[in-house]
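Reviewing the structure listed below.
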Amino acid sequence: MATAHTPAFKLKAHATILSTFYLLNDDINQLQAQLHTSMQQAPNFFKQTPVVIDLSHLHPKEDQATDLQTLCTVLRQYGMIPIAIQNAGTYSETLKDELEIALLSQPLSSSKVTTHTPSSSTKIAESNNQIITQTVRSGQSIYARHKDLIVLAAVSHGAELLADGHIHVYGTLRGRALAGVSGDKQARIFCHCLEAQLVAIAGIYQLNEQFPSTLKPTCTQIYLTQQEYLTFSNL
Amino acid sequence: MNKRAQIIVITSGKGGVGKTTSSAAISIGLASRGYKTVVIDFDVGLRNLDLLMGCERRVVYDLINVIHNEAKLSQALIKDKRVENLSILAASQTRDKNALSLTGVESILDELRSKFDYIICDSPAGIEHGALMAMYFADQAIITTNPEISSVRDSDRILGILASKTHRAKQELEPIKEHLLVTRYNPLRVQKGEMLSVHDVHDILAIPLLGVIPESQAVLKASNSGIPVILDEPSDASQAYKDTISRFLGETLPHRFITTPKRKLWSRLFSTNIQEITAG
Ligand SMILES: Nc1ncnc2c1ncn2[C@@H]1O[C@H](COP(=O)(O)OP(=O)(O)O)[C@@H](O)[C@H]1O
Ligand SMILES: [Mg+2]
């Protein structure tokens with residue numbers, strides 16, 4: 001005797017790419033200053049970005065002192081939406097109720113979240129990249145949020161590329177390119193010809209004058225080594 | 001038949017690169033080819049174009065007067081005395097660029113569109129209000145660039161603005177057609193490495209090359225006499241501008257004046273002869 005009723009909701013697990021906000025110390029002034037500079041460089045950078053707060057980098061003492069309520073308020077001021085907290089250490093269950101965010105017992109590992117699992121179903125997987133076909137001109141800034149950025153033309157001096165993933169430039173890269181801007185150290189930059197003003201991966205940057213002199217003006221990739229050195233190699 | 005003029009902005013970002021010189025030459029060039037052409041000076045506050053065109057004494061009403069309904073468009077248009085089919089709309093010397101409004105500019109352009117084939121807009125320098133007014137309704141843009149880094153960077157910036165802040169960009173219409181015009185080109189200084197080559201400029205800006213105008217004494221002479229250089233027939237600049245017009249109208253022509261002149265054998269013989277004579 002089955003009663004025909006349509007369900008009001010369904011729950012499905014999806015691998016959603018989330019940014020993790022690693023708090024590196026508990027100096028709120030320094031935090032605000034850094035957020036402020038980032039905002040000035042890319043005003044929409046944090047807009048509507050859900051973040052998971054990670055406290056694993058804090059020393060136990062600082063951990064105690066961190067005012068999570070204030071932290072969440074500051075993050076929201078800059079457009080981020082704190083949705084969960086992980087590696088909270090000594091922070092107990094009480095915190096999450098006060099802050100109305102989830103407490104993740106099993107931290108999202110970065111490799112896990114960025115892996116794209118192709119589904120066997122008929123649903124077409126959304127591609128995780130943004131393609132730009134025109135020259136990116138001086139004064140323009142493009143940010144591929146949670147994506148790779150692919151530019152089929154040149155990037156002018158004074159232009160800026162930002163991506164959470166990799167950056168590919170099939171023309172000459174003359175401007176600035178910042179890959180893995182949300183902290184993905186696996187991100188790389190590939191370009192057809194490197195004349196960039198600045199390149200950065202996960203916040204580790206190098207100016208043009210610091211580029212290795214042995215580099216040939218041909219296809220180049222830039223990545224971070226285990227020791228977190230920026231490495232340039234001709235392809 | 002109802003005309004629908006093409007609006008062409010002559011722009012650059014940087015000042016002093018040759019926008020006004022080129023606006024005068026291109027408008028005369030198109031008019032001489034039989035197209036009804038009007039050239040508008042958007043450099044409000046400076047007024048250069050009428051001087052260059054040699055009609056400054058005939059300016060009664062200007063662009064701002066028309067925008068403010070202080071004069072009819074027909075009263076403000078000055079017919080060129082040398083070239084048929086050509087009219088000039090001067091800028092005001094007494095106002096500043098903020099007197100230009102989008103709606104005002106739009107209504108003038110709408111009125112001109114039905115009467116002319118080409119509307120040439122001579123842009124002021126910079127990337128602010130005045131420059132935006134000049135480029136906003138453009139169908140085509142001639143990016144005037146000197147072969148030096150600062151000019152190329154400014155042109156690049158302008159190309160970005162053309163592709164994002166103009167009417168065509170905002171309405172998601174077909175993008176503005178872009179042309180590169182390299183001006184004040186001096187092959188000798190390029191050879192010495194003091195200036196970028198046409199190839200370098202073209203490579204960085206990556207838009208079709210419409211023409212190369214050599215650095216020329218004739219241009220200076222022309223602006224002092226009020227006779228635009230394109231009318232100084234035998235001069236190199238005049239020929240280069242004429243080639244540019246032909247290319248704009250769809251002809252394929254090789255670029256001239258981009259290499260250093262080769263010294264011919266006879267001139268070398270001649271100069272050695274002189275040396276011999278003076279030595280002897
Ligand atoms: N091809 C050229 N050769 C020599 N001088 C030039 C040339 N083109 C422009 N000039 C000079 O450069 C100066 C600026 O030119 P102008 O057309 O007024 O530039 P803009 O309108 O871009 O400010 C003027 O003195 C002009 O005579
Ligand atoms: Mg001018």
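Below, chain A is the first sequence line, B the second, and so on; all start at residue 1.
Residues of residues 214-235 of chain A lying under 4.5 angstrom from chain B, judged on non-hydrogen atoms, do not exist here.
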Cross-chain donor-acceptor list, chain A x chain B, under 3.5 angstrom:
residue: A:R137; atom: NH1; partner: B:D156; partner atom: OD1; Å: 3.0
residue: A:R137; atom: NH1; partner: B:L205; partner atom: O; Å: 2.9
residue: A:R137; atom: NH2; partner: B:L205; partner atom: O; Å: 3.0
residue: A:S138; atom: N; partner: B:D156; partner atom: OD2; Å: 2.5
residue: A:S156; atom: OG; partner: B:D156; partner atom: OD1; Å: 2.7
residue: A:S156; atom: OG; partner: B:D156; partner atom: OD2; Å: 2.9
residue: A:H157; atom: ND1; partner: B:R153; partner atom: NH2; Å: 3.2
residue: A:H157; atom: NE2; partner: B:R153; partner atom: NH1; Å: 3.3
residue: A:R174; atom: NH2; partner: B:D203; partner atom: OD2; Å: 3.3

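Contacts between B:I207 and chain A at a heavy-atom distance below 4.5 Å involve the side chain alone, from C-beta outward.
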